[in-house]
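Quick caveat: nothing in here was measured; it's all calculated off a predicted structure. Proteins come first, then strands; the chains are lettered A, B, ... in the order of their sequence lines, and each starts at number 1.
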2 protein chains.
Amino acid sequence: MTPIEELTDELLLFFNGFASWESSVIRSSDLSVSEAHAIEALGQHGTMNMKSLAAKLGVTTGTTTVTVDRLETKNYARRSSTNEDRRVNLISLTEKGIKAFEEHHRFHLSLTEQMRACLQEEEIQQLLNIIKKVNREIF
Amino acid sequence: MTPIEELTDELLLFFNGFASWESSVIRSSDLSVSEAHAIEALGQHGTMNMKSLAAKLGVTTGTTTVTVDRLETKNYARRSSTNEDRRVNLISLTEKGIKAFEEHHRFHLSLTEQMRACLQEEEIQQLLNIIKKVNREIF
DNA sequence: AAATGTATTTTGAATTTCAAACAATAATAA
DNA sequence: TTATTATTGTTTGAAATTCAAAATACATTT
C-alpha cells in the first residue's frame, strides 16, 4: 500500500469518526442535525440572509426556510428585515441560540483537546499548518 | 486566538469541506448518500451482517434494512444466509457494487493526490502519522 | 420444553430534502 | 414612467432518510 493509499483510508476513517462523534453530540441535544448545522453556521459567521445560509449549509433555500422555521419556533433564531431590500430576511441567533452555539463549540474544543493529549506539541503545530494549507487550497 | 482554538476552527472547516466534496461526488452518481456510504463500508471491510453494517454506518438496523433493500433492488448488493445461524443475513457487493466502490475510491484517491500536490513530501508523512494516531486513540 | 437472548424486518411517525411553482420586491431597459 | 427581467424567499408535493418500538424468526440457556 502506497502512502497515498494509506492516507486516503486514514482520512476516510478520520472523517467517519468525526461525523459520528458530531452526530452523537447533536443527538444528545434538543436539536436535529440540520438545525445544529444552521446554528453552527450562524454562530460562526454571524447574521446572514437565507440565500447565504443555504449556501453555507449546501442545501436549497426551500430547505433552509423549513430549518429556520423550526429554529424560530424553538426560539433559537429569529428573522428580521432590512430597509435596503425588503425581500431579504436576516437570520440571527437569539440568546438561546448563542448559548447552544457556545455549548456546541465547547464540545469541539474538547475534541481538539483530546487530540492534543495524544499528540506532541510539535505535531499540533504541524497539523495546524497542514490543515490550513489544505483548507485554503482545496476546500 | 490560541492554537487549540485555531485548530478547532480549521478542523471544522476541513470536515465541512470534505463533507460537501463527498456529497457532490455522490450526487453525480446513481446513488444516494446513505447507499454510497453502505457501499463504501462494504467495499472497505468486505462482506458483513446487518448488525455490523449498521454499526459501521452509525445507524439502526432498521435503517440499514431499508438501505440494503434499495441496494438490492438496484443490484449493487445482495443478501445471503449462512448455515451457522439462519437469522443472519450476510451482505456483499455484486459486480456492479464493486465497480461503484472502486470508482468512489478513485475519487478519494484523487482528492488525496490534490492534497499531496499542495503539501511537501515531508508534510504528507507528518499528516499520515498524526491522523493515524488520532484514529487509533480517539475514534 | 420454557424462557431468554439475538438478528433482522416491519411499521408508523417525524425529519430532511429537492424541484418546481409562486409571491414579493428590486433592477434594468424601453 | 412602464414593462421586462432578475433576485430573494416561501410554499407545495413527493421522495428519501431516519428512528423507536413492535413483530418475527431463530439460537441459546436454564
Side-chain angles (χ1 to χ4, degrees), chain A residues 16 19-20 22-42 47-74 76-92 100, chain B residues 16 19-20 22-42 45 47-74 76-92:
Chain A
N16 288 335
S20 81
E22 172 109 335
S23 102
S24 86
V25 165
I26 291 171
R27 245 190 279 280
S28 74
S29 76
D30 176 40
L31 299 162
S32 74
V33 171
S34 61
E35 289 160 10
H37 282 163
I39 287 179
E40 208 166 282
L42 290 166
T47 297
M48 66 183 96
N49 66 19
M50 294 298 288
K51 200 187 176 190
S52 308
L53 182 55
K56 288 257 183 283
L57 299 176
V59 298
T60 63
T61 55
T63 297
T64 307
T65 293
V66 177
T67 305
V68 171
D69 284 348
R70 266 197 316 278
L71 287 178
E72 259 191 329
T73 306
K74 291 188 184 178
Y76 285 99
R78 75 171 76 79
R79 289 172 165 90
S80 61
S81 47
T82 92
N83 288 330
E84 288 117 51
D85 187 336
R86 291 198 294 170
R87 290 168 306 181
V88 171
N89 269 340
L90 290 178
I91 319 301
S92 53
Chain B
N16 288 335
S20 80
E22 172 109 333
S23 103
S24 86
V25 165
I26 291 171
R27 247 191 276 277
S28 74
S29 76
D30 176 39
L31 299 162
S32 73
V33 171
S34 59
E35 289 160 10
H37 282 164
I39 288 179
E40 209 167 281
L42 290 166
H45 304 98
T47 297
M48 67 183 94
N49 65 20
M50 294 298 288
K51 199 186 178 191
S52 308
L53 182 55
K56 288 259 183 282
L57 298 175
V59 297
T60 63
T61 55
T63 297
T64 307
T65 294
V66 178
T67 305
V68 171
D69 284 349
R70 264 197 316 277
L71 287 179
E72 258 192 328
T73 306
K74 291 189 183 178
Y76 285 99
R78 75 172 76 80
R79 288 172 165 90
S80 61
S81 46
T82 91
N83 288 331
E84 288 116 52
D85 187 336
R86 291 198 295 168
R87 291 168 305 180
V88 171
N89 268 339
L90 290 179
I91 320 301
S92 53

With side-chain contact (heavy atoms from CB on, under 4.5 Å) as the criterion, how do A/I91 and A/M48 come out once you've worked through the C-alpha distance, each side chain's angles and the decisive distance to 0.1 Å? CA-CA 5 Å; A/I91 319 301; A/M48 66 183 96; 5.6 Å; no
Which residue pairs satisfy the salt bridge (Lys or Arg N to Asp or Glu O under 4.0 Å) criterion with at least one member in residues 22-34 of chain B, sequence neighbours excluded? none
Between [atom2] on [N] and [atom1] on [X], what's the gap in Å once rounded to a whole number?
X	N	atom1	atom2	answer
B/L71	C/dT9	CG	C1'	16 Å
B/E35	D/dT18	CD	C1'	14 Å
B/N83	D/dA25	CG	P	19 Å
B/N49	D/dA27	CG	C1'	15 Å
B/I26	C/dC18	CD1	C1'	16 Å
B/I91	C/dA7	CD1	C1'	11 Å
B/K51	D/dA27	NZ	C1'	14 Å
B/R70	D/dA15	CZ	C1'	10 Å

Take B/Y76 and B/L31 through the test side-chain contact (heavy atoms from CB on, under 4.5 Å) and record every step on the way to the result. CA-CA 10 Å; B/Y76 285 99; B/L31 299 162; 3.6 Å; yes
If you take all heavy atoms of B/R70 and B/S34, which pair is closest and at what distance? NH2-OG, 3.7 Å
If you check the B/S34 side chain, which of C/dT17, C/dA7, D/dT17 turns out closest? D/dT17
NZ/A/K74: more than 12 non-hydrogen atoms of other groups inside 6.0 Å: yes
[X] side chain near [N] phosphate (N/O to OP1/OP2, under 4.0 Å):
X	N	result
B/R86	D/dA27	yes
A/N89	D/dT10	yes
A/S32	C/dT16	yes

What's the separation between atom CG in B/L53 and atom OG1 in B/T47, rounded to the nearest 0.5 Å? 10.5 Å
Does anything in residues 59-69 of chain A reach DNA chain C, meaning a heavy atom under 4.0 Å, and if so which residues? A/V59, A/T60, A/T63
Is there a donor and acceptor pair, one atom on the side chain of A/R87 and one on the base of D/dT7, closer than 3.5 Å? yes
Carefully, step by step, assess B/R79 and B/D69 under the rule side-chain contact (heavy atoms from CB on, under 4.5 Å). CA-CA 9 Å; B/R79 288 172 165 90; B/D69 284 349; 3.0 Å; yes
